[in-house]
Participant: 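Dropping the structure in here first, questions after.
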Amino acid sequence: ALVTIQKGCDNYCAYCVVPNTRGREVSRPADEVRAEVERFVSLGAREITLIGQNVNAYHAIGMPDGDDFAELLRRINEVPGLLRLRYTTSHPHYFSRKVADAFRDCDKLCPWLHLPVQAGSSAVLSRMAREYTREQYLEKIDYLRRVCPDISLSTDIIVGYPGETEADFGQTLSLLETVRYDSIYSFAYSRRPGTPALDLVDDVSPEEKSRRLSAVLSLQKTITAERLGRMVGRIEPILIEGFARLGTAQLCGRTGGNHTVNI
């Protein structure tokens with residue numbers, strides 16, 4: 001089951017229309033969130049995903065400032081009958097060490113995180129108004145892997161953002177090599193009406209955007225194969241979600257790390 005804990009976004013990333021379409025951030029009361037989780041569990045849900053446009057910016061009245069989301073994860077982790085807990089989507093700027101610690105301390109929190117980086121160059125991140133540098137992002141990943149070594153990571157990548165040089169793009173490739181995500185969602189930049197990035201010159205040609213996107217996909221294909229290879233030989237608990245796409249002879253489910261498995 002999906003449980004919305006927060007709507008809207010106060011981060012005005014230069015390429016994004018969400019703040020204009022979804023409005024300012026609004027968080028639900030923690031007691032209300034827990035009650036909805038308990039209701040879904042009573043109806044048979046075994047896995048809950050907490051969702052929001054900027055989920056780890058969750059802020060509820062009556063909870064300690066700055067660590068609201070980490071505390072909410074701990075409260076949901078205590079719900080009887082719940083087997084698995086996930087959340088998406090996170091903004092790196094708000095991903096604190098206390099939130100990372102929850103992967104170590106909460107036994108129901110699945111070892112999977114989607115943490116969109118968008119680009120590997122601090123210069124590009126600055127033009128995107130992402131509010132963190134490459135170094136800050138990598139420090140967060142390093143700490144997370146210290147507290148949860150086997151965590152599976154996914155991210156979003158935009159190539160061909162205005163002003164992205166070949167050197168900037170190389171930084172994105174090197175970040176993929178360094179972090180080694182299990183999977184990524186990658187896109188070529190395209191202009192969106194109403195976004196601040198419209199004031200920037202879209203100076204990367206469509207052909208170059210396509211080349212860079214192909215390079216990202218090719219590199220990530222190799223990394224994904226390596227990351228999935230570490231699963232071979234393991235026995236893992238799987239939450240069955242239905243029949244496999246291959247037909248009713250097989251079932252399909254997911255590991256805690258969000259890997260799809262046919263059985």
Side-chain angles (χ1 to χ4, degrees), residues 1-2 41 44-51 55-56 73-74 76-90 92 95 97 99-117 120 137-157 172-186 213-263:
L2 304 177
V41 171
R46 292 296 170 258
E47 178 176 304
I48 294 291
T49 301
L50 306 178
I51 62 173
V55 69
N56 56 337
L73 291 174
R74 285 166 168 76
I76 301 303
N77 190 69
E78 297 169 353
V79 172
L82 178 66
L83 296 183
R84 286 182 170 181
L85 176 62
R86 303 185 192 274
Y87 60 85
T88 194
T89 288
S90 297
F95 190 79
R97 289 195 170 196
V99 174
D101 288 342
F103 285 101
R104 177 192 62 206
D105 301 335
C106 298
D107 62 325
K108 298 173 184 177
L109 184 58
C110 292
W112 169 79
L113 175 67
H114 184 71
L115 195 63
V117 66
Y137 182 91
L138 290 176
E139 189 279 330
K140 292 172 187 284
I141 296 296
D142 180 67
Y143 181 80
L144 175 60
R145 282 206 159 123
R146 292 206 301 270
V147 299
C148 186
D150 197 41
I151 194 163
S152 297
L153 298 173
S154 59
T155 199
D156 297 337
I157 296 289
T172 294
L173 294 179
S174 72
L175 185 135
L176 295 180
E177 290 273 20
T178 299
V179 177
R180 309 199 75 74
Y181 298 98
D182 286 56
S183 63
I184 67 170
Y185 301 90
S186 54
L213 184 60
S214 294
V216 162
L217 291 171
S218 177
L219 174 59
Q220 185 57 43
K221 182 178 180 180
T222 299
I223 294 171
T224 294
E226 178 187 299
R227 293 291 294 168
L228 291 177
R230 82 188 195 281
M231 306 295 294
V232 175
R234 288 190 186 183
I235 296 175
E236 293 273 337
I238 305 297
L239 181 65
I240 302 298
E241 297 182 347
F243 290 111
R245 293 181 180 179
L246 299 176
T248 57
Q250 287 188 319
L251 296 175
C252 181
R254 291 181 185 270
T255 68
N258 212 32
H259 307 102
T260 301
V261 179
N262 293 331
I263 304 161

Participant: Does Ser183 have any side-chain contact (heavy atoms from CB on, under 4.5 Å) partners at least two apart in sequence or in another chain, and if so, which?
Facilitator: Ser154
Participant: Can you name the side chain to side chain donor-acceptor pair (under 3.5 Å) partners of Gln250, sequence neighbours left out?
Facilitator: none
Participant: Atom OH of Tyr87 and atom CD1 of Ile51: how far apart are they, to the nearest 0.5 Å?
Facilitator: 15.0 Å
Participant: Looking only at heavy atoms, what is the nearest atom pair of Gly256 and Cys110, with distance?
Facilitator: O-CB, 3.2 Å
Participant: Taking all atoms of both residues into account, what is the closest heavy-atom pair of Pro111 and Cys148, and its distance?
Facilitator: CB-SG, 4.0 Å
Participant: Name all pairs fulfilling the salt bridge (charged side-chain N to carboxylate O under 4.0 Å, His left out) condition that reach into residues 251-263, sequence neighbours left out, sorted by first residue then second.
Facilitator: Glu241-Arg254
Participant: What distance do Leu219 atom CG and Thr172 atom OG1 have between them, rounded to the nearest 0.5 Å?
Facilitator: 11.0 Å
Participant: For Tyr143, enumerate each residue passing the side-chain contact (heavy atoms from CB on, under 4.5 Å) test, keeping only those at least two apart in sequence or located in another chain.
Facilitator: Arg97, Ala100, Asp101, Arg104, Glu139, Arg146, Val147
Participant: Taking side chain to side chain donor-acceptor pair (under 3.5 Å) as the test, write out the residues that go with Thr49, two or more places apart.
Facilitator: none
Participant: Test your reading of the model: is there a side-chain donor-acceptor pair from Ser90 to the backbone of Asn56, 3.5 Å cut-off?
Facilitator: no
Participant: Would you say Tyr185's side chain and Pro116's backbone share a donor-acceptor pair under 3.5 angstrom?
Facilitator: no
Participant: With rounding to the nearest 0.5 Å, note down the distance linking CD1 in Ile151 to CH2 in Trp112.
Facilitator: 10.0 Å
Participant: Quick check for you: to the nearest 0.5 Å, what is the distance between Glu47 atom CD and Leu85 atom CG?
Facilitator: 8.5 Å
Participant: Keeping Thr155 on the side-chain end and Ile184 on the backbone end, is there a donor-acceptor pair under 3.5 Å?
Facilitator: no
Participant: Compare every heavy atom of Leu175 with every heavy atom of Gly120, then report the nearest pair and how far apart it is.
Facilitator: CA-CD1, 4.0 Å
Participant: Taking side-chain contact (heavy atoms from CB on, under 4.5 Å) as the definition, give me every residue that meets it alongside Ala215, ordered by chain and number, with sequence neighbours left out.
Facilitator: Phe169
Participant: Nearest 0.5 Å, please: how far is OG1 in Thr248 from CZ in Phe243?
Facilitator: 6.0 Å
Participant: Are more than 12 heavy atoms from other residues, nucleotides or ligands located less than 6.0 Å from atom CZ of Arg234?
Facilitator: yes
Participant: For His259, check ring pair (Phe, Tyr, Trp, His ring centres under 6.0 Å) against everything at least two apart and list the hits.
Facilitator: none
Participant: The criterion is side-chain contact (heavy atoms from CB on, under 4.5 Å); which residues satisfy it with Ser174, sequence neighbours excluded?
Facilitator: Arg134, Gln171
Participant: Using 0.5 Å steps for rounding, measure from the OG atom of Ser186 to the CG atom of Leu176.
Facilitator: 9.0 Å
Participant: Of the non-hydrogen atoms in His114 and Thr88, which two are nearest, and what is the gap between them?
Facilitator: CB-OG1, 4.0 Å
Participant: Considering non-hydrogen atoms only, spot the tightest contact between Arg145 and Leu153 and give its length.
Facilitator: NH2-CD1, 3.5 Å
Participant: Report the residues that fulfil side chain to side chain donor-acceptor pair (under 3.5 Å) with Asp107, sequence neighbours left out, ordered by chain and then residue number.
Facilitator: Asn77
Participant: List in chain and number order the residues that pass side chain to side chain donor-acceptor pair (under 3.5 Å) with Arg74, two or more places apart in sequence or in another chain; answer none if no residue qualifies.
Facilitator: Asp105
